[in-house]
Structure formats: C-alpha cells, structure tokens
Amino acid sequence: MTGTAPAPRRRLLGRRTVVLAGTAFSALLAGTSRTTWVQASGPDLTGTVQQVAVSGADAAPEVLALALVAIAASLATSLSSVWLRFLTGPVLILTGIGAALAALAVHRDAVSSATSALTSSTGVAGSTVAADATSWPLLTLAPALVVAAIGVLVLLAGGSWPRRDRYRSAAVTVAADPSEDPAAAWDALTRGEDPSLEDPSAPESTPPSR
C-alpha cells in the first residue's frame, strides 16, 4: 500500500499583493473625493443665481478621511505581526463600508450635501437650493467596496502569510590561540599538548632567499 503525499496548501493571496491592492484602491478612493459630486445653484447677495460645482471632499468630507485611514491600515498590513492584521482587516472593512454609505447619502440627498458649500460660495444662508448629483458618488462605490473586500481577505488569508523573524542570533565560535590566551594555553597543557609549539597543520614558512 503506497501513501500519497499531502497536497501543498494554497494561499488565497500573497501579503505583497494585498498590501499593494489595498493602498492603490484606498488612494483611488481618496482621489474620487477631488471630483465634482454635486452641481448646485442658488442666489447670491445680489439675487443672481450662481452655479457651484461641489466636490466630493465638500459634499462628504468623511470619504477622504476614511480613505486616508484605509491607506494607513493597508501599509500597516505589510508588517509581520499576525495580531496587527486582526486590527487592520476590520479597519479596512469599516472604512470601505463607511465611505460607500457616505457616497450613497450624497447621491440620495444632493441638496443637503451641497448646502454648506453653496452657502460658503454665495454668502447666502437659507436660500432655495437646487442640486443634482453627478455619477461620481456611485462610481465611488467601486473602490470603497473593494477596500472593504480587501479587509476581508486580510482576515482570511493573513494567517497563512509567512512571518519574518525579528531577530536572528548566530553564535560564532572562534578558536582561541594558546600563544595569546593564557586560558587556552592551560587547556592545551591539560590535553598533553605543548602550547609553545607551532601548529603542525599550519603551512611551513620558507626562509627568505639571499
């Protein structure tokens, strides 16, 4: 009866791939906050209607903050600590879901999201505001959900990643020379050897030619 060797355990994804993907999609999530999420209009102090392009950073400032936290968590995942991955994984999940919910809130209620930015631009508070969300809040859902999925991967695959040894110790043994070390000379005498004699294994020196 012949036994079969167990199949090698396959890893879901490597640590480097997950860290790079988490950092890239978190940076992409931060980049979407620089685009125009809401086109708003409202009267200024003279009664003239002003058109204001509201960026994602103004409509939902928490998206940029969560993206920066996700970048830090992705970079921290590169460390070899297993317990740290149990922290960065949930952080990535929460930041991705939080950013997705914030983007959905802007898409559903563009007027409320644009009121603060429009008031700062026109200098008129409490006026009638008209606002329409662009497609960017919905497009932001993609990197946000990917960041959350990467957090799940960190929890599932992080346990199989190899750990690096923080410290490596190497013992180096150097044979002491009896002619320089009195203790080594005493040990040589106890072994019945004459420490004053040269090492017979050493190559003989040739006398200088005249």
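What you see is a predicted model, and the numbers here were worked out from it, not measured in a lab. Atoms considered below: every heavy atom in the structure, side chains included; atoms not considered: hydrogens, waters and symmetry mates.
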CD on Q50 to CG on L118, rounded to 0.5 Å: 9.0 Å

Nearest heavy atoms of V38 and A131, plus distance in Å: CG1-CB, 3.6 Å

Same apolar cluster (I L V M F W Y, side chains within < 4.5 Å links), V152/F86: yes

N/O donor-acceptor pair under 3.5 Å between S113 side chain and D109 backbone: yes

CH2-OG1 distance between W136 and T36, expressed to the nearest 0.5 angstrom: 9.5 Å

Backbone of G22 reached by a side-chain donor or acceptor of S26 within 3.5 Å: yes

N/O donor-acceptor pair under 3.5 Å between T23 side chain and L20 backbone: no

Under 3.5 Å donor-acceptor, W37 side chain and D58 backbone: no

V54/V106 under side chain to side chain contact (heavy atoms under 4.5 Å, CB included): CA gap, chis, key distance, verdict: CA-CA 11 Å; V54 183; V106 174; over 6 Å; no

Side-chain heavy-atom pair T122, P43 within 4.5 angstrom cut-off: no

Shortest non-hydrogen contact from H107 toward P137: CB-CB, 4.1 Å

Polar side-chain atom of T77 near backbone of A73 as donor-acceptor pair, under 3.5 Å: yes

ILVMFWY cluster, L153 and V146 together (side-chain gap under 4.5 Å): yes

V52 with V129, same ILVMFWY side-chain cluster at under 4.5 Å: yes

V63-V147 co-clustered via ILVMFWY side chain contacts under 4.5 Å: no

Cluster overlap V111 with L104, hydrophobic side-chain contacts below 4.5 Å: no

Closest non-hydrogen atom pair, A100 against L145: CB-CD2, 4.2 Å

Nearest heavy-atom neighbours spanning A99 and L29: CB-CD2, 3.8 Å

Side-chain heavy atoms of I93 within contact of L155, under 4.5 Å: yes

From CG (L79) to CZ (R15), nearest 0.5 Å: 8.5 Å

Atom of A70, atom of T95 and distance for their closest heavy-atom approach: CB-OG1, 3.7 Å

Closest heavy-atom pair and its distance - V49, S41: CG1-CB, 4.0 Å

T134 OG1 to L139 CG distance, which is reported to the nearest 0.5 Å: 8.0 Å

Pairwise distance CG(L101) to CG(L66) - rounded to 0.5 angstrom: 10.0 Å

